[in-house]
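All chains are named by letter (A, B, ...) in the order of the sequence lines, taking the proteins before the strands, and each is independently numbered beginning at 1.
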Protein chains: 2
Amino acid sequence: MPDRLDTTFAALADPTRRQILSMLLEDDMAVTDVAEPFEMSLAAISKHLGILTRAGLITQEKRGRVKWCKLDPDAMKDASVWMQGFGQFDPVNLEAFEAYLAETGLDRDG
Amino acid sequence: MPDRLDTTFAALADPTRRQILSMLLEDDMAVTDVAEPFEMSLAAISKHLGILTRAGLITQEKRGRVKWCKLDPDAMKDASVWMQGFGQFDPVNLEAFEAYLAETGLDRDG
DNA sequence: GCGATCGTCAACCATCTGGTTGAATATGCC
DNA sequence: GGCATATTCAACCAGATGGTTGACGATCGC
C-alpha cells in the first residue's frame with residue numbers, strides 16, 4: 001500500500017500533471033478544457049486527472065455532463081511540510097519572491 | 001529528457017529513498033551503513049543512492065574504499081519553491097508568481 | 001600477497017506507467 | 001426520440017522502475 005507521500009510525489013513527478021496543476025491555479029476547469037492545450041488524447045488527460053485526484057491534489061465534481069476540476073492544496077501542503085524538515089527553504093524562497101516583487105513592481109499592492 | 005523537477009519528485013516518491021534522506025539529515029553515512037536498516041540487498045540501496053545523486057538530492061564522495069553520502073539541499077529547495085506557489089496562492093499575485101517562476105527557470109513544465 | 005570488506009555492474013524479472021485506440025455511458029439540446 | 005457533447009472504460013503496448021543474484025574491481029589490514 002503506497003503511503004500518502006508516495007502518491008503525492010509520484011503525481012508531481014510528471015510534467016503534464018504539474019502543468020495541469022498550474023492551470024488550475026488560475027481557475028477551476030472542465031476536463032475537456034484541461035485537455036485542450038495538450039497534444040495527447042482526452043483519455044490520457046482523464047487518467048492524469050484521476051491520478052491527481054487519488055493523490056489528493058485536486059478534487060473533481062460533476063455538474064451535468066461536465067466534470068469540474070479544482071485544486072485541493074491539502075496533499076501538497078503535507079508534502080511541503082515534509083520537505084521543510086530538510087531545510088530553511090520556506091523563508092528563503094519567500095524572501096526571494098518578495099525581493100522579486102519589489103524589483104519588478106508587480107506586487108498586488110501596486 | 002526529464003526536467004529537473006521530474007527527477008526530483010520521482011526520487012522523492014519512493015519511501016526507501018525518503019527514509020535514506022531522513023537518515024542523512026542526522027549525519028553523513030557510508031553506503032553500507034545506509035543499507036544496514038533495510039531488508040534489501042546492498043545493490044538495491046546502491047541503485048537508490050544513484051537515483052538520489054542524479055536527482056541532486058545527495059552527493060557522494062569516495063574516500064578510500066568508503067563512499068560517503070551527504071545531503072545536498074539544492075534540488076529539494078527548487079521543488080519546495082515550486083510548491084510554495086500552491087500553498088500560498090491566496091494572498092499572492094498570481095501573475096507575479098508565474099513571472100517569478102519563468103524568470104528563475106523553474107516553469108519549464110509548469 | 002592474501003583474504004576480507006566496500007561498492008558497483010550486468011543480466012534478469014515482475015510490475016507499474018504513460019500513452020494509444022475504440023467502444024461505452026451520461027447528459028444536454030432541438 | 002435522436003444526435004452531439006463530455007467523460008470514462010477496456011484492452012493493449014513500449015518503456016521505466018524496483019528488486020534479485022552473481023561476478024567484478026578497489027582498497028584495507030595483516
Rounded to the nearest angstrom, tell me the gap between atom [atom1] in [X] and atom [atom2] in [N].
{"X": "Ile51(A)", "N": "dT8(D)", "atom1": "CD1", "atom2": "P", "value": "13 Å"}
{"X": "Lys62(A)", "N": "dT27(C)", "atom1": "NZ", "atom2": "C1'", "value": "7 Å"}
{"X": "Leu49(B)", "N": "dG19(D)", "atom1": "CG", "atom2": "C1'", "value": "15 Å"}
{"X": "Phe9(A)", "N": "dT17(C)", "atom1": "CZ", "atom2": "P", "value": "16 Å"}
{"X": "Gln60(A)", "N": "dT8(D)", "atom1": "CD", "atom2": "P", "value": "6 Å"}
{"X": "Phe38(A)", "N": "dG19(C)", "atom1": "CZ", "atom2": "P", "value": "10 Å"}
{"X": "Glu61(A)", "N": "dA26(C)", "atom1": "CD", "atom2": "P", "value": "19 Å"}
{"X": "Glu36(A)", "N": "dA6(D)", "atom1": "CD", "atom2": "P", "value": "12 Å"}

Flag side-chain contact, heavy atom, 4.5 Å: [X] against [Y]:
{"X": "Gln19(B)", "Y": "Phe38(B)", "result": "yes"}
{"X": "Ser80(A)", "Y": "Phe86(B)", "result": "no"}
{"X": "Gln60(B)", "Y": "Val31(B)", "result": "yes"}

* Side-chain donor-acceptor pair present, Glu36(B), Thr32(B), cut-off under 3.5 Å ->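 No, because no side-chain N or O of Glu36(B) sits under 3.5 Å from a partner of the opposite role on Thr32(B).
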Working to the nearest 0.5 Å, report the span between [atom1] of [X] and [atom2] of [Y].
{"X": "Leu52(A)", "Y": "Asp72(A)", "atom1": "CG", "atom2": "CG", "result": "11.0 Å"}
{"X": "Lys77(B)", "Y": "Leu57(B)", "atom1": "NZ", "atom2": "CG", "result": "14.0 Å"}
{"X": "Thr16(B)", "Y": "His48(B)", "atom1": "OG1", "atom2": "NE2", "result": "4.5 Å"}

* Determine whether Ile51(B) and Phe9(A) fall in the same hydrophobic cluster, where Ile, Leu, Val, Met, Phe, Trp and Tyr are linked whenever their side-chain heavy atoms lie under 4.5 Å apart. => no
* Verify same cluster id: Leu42(B), Val66(B) (apolar side-chain graph, 4.5 Å) ->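 Unlinked, Leu42(B) and Val66(B) end up in two clusters.
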* To do: Just jot down the salt bridge (Lys or Arg N to Asp or Glu O under 4.0 Å) partners of Asp74(A), sequence neighbours excluded, or say none.
  =>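 Partners of Asp74(A) by the salt bridge (Lys or Arg N to Asp or Glu O under 4.0 Å) criterion come out as none, since no residue qualifies.
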* Qualifying residues under salt bridge (Lys or Arg N to Asp or Glu O under 4.0 Å), relative to Lys62(B), sequence neighbours excluded -> none
* Structure fact -> DNA chain C nearest-nucleotide lookup for Gly64(A) and Glu39(A): closer to the 5′ end is Glu39(A)
* To do: Name the residue closer to the 5' end of DNA chain C, choosing between Ala44(A) and Arg63(A) according to the nucleotide with the nearest heavy atom.
  =>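 This one resolves to Ala44(A).
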* Asked: What string of B, S and - do you get for nucleotides 1-6 of chain C, 5' to 3', if B is base contact, S is sugar-phosphate-only contact and - is no contact with any protein heavy atom under 4.0 Å?
  -> ---BBS
* Asked: Is the shortest side-chain N/O distance from Ser46(B) to OP1 or OP2 of dT8(C) below 4.0 Å?
  -> yes
* **Ser41(B) vs dT20(D): side-chain N/O to OP1/OP2 distance below 4.0 Å** => yes
* Structure fact -> Which of dG19(D), dA26(D), dG19(C) is nearest the side chain of Met40(B)? It is dG19(D)
Sub-3.5 Å pairs of nitrogen or oxygen atoms, protein against nucleotides 9-12 of chain D:
none

* Stretch residues 14-21 of chain B: residues that reach within less than 4.0 Å of DNA chain D through a heavy atom -> Asp14(B), Arg17(B)
* **Sequence-distant partners of Trp68(A), ring-ring contact (aromatic ring centres under 6.0 Å, His included), two or more places apart** =>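 By the ring-ring contact (aromatic ring centres under 6.0 Å, His included) rule, Trp68(A) matches no residue at all.
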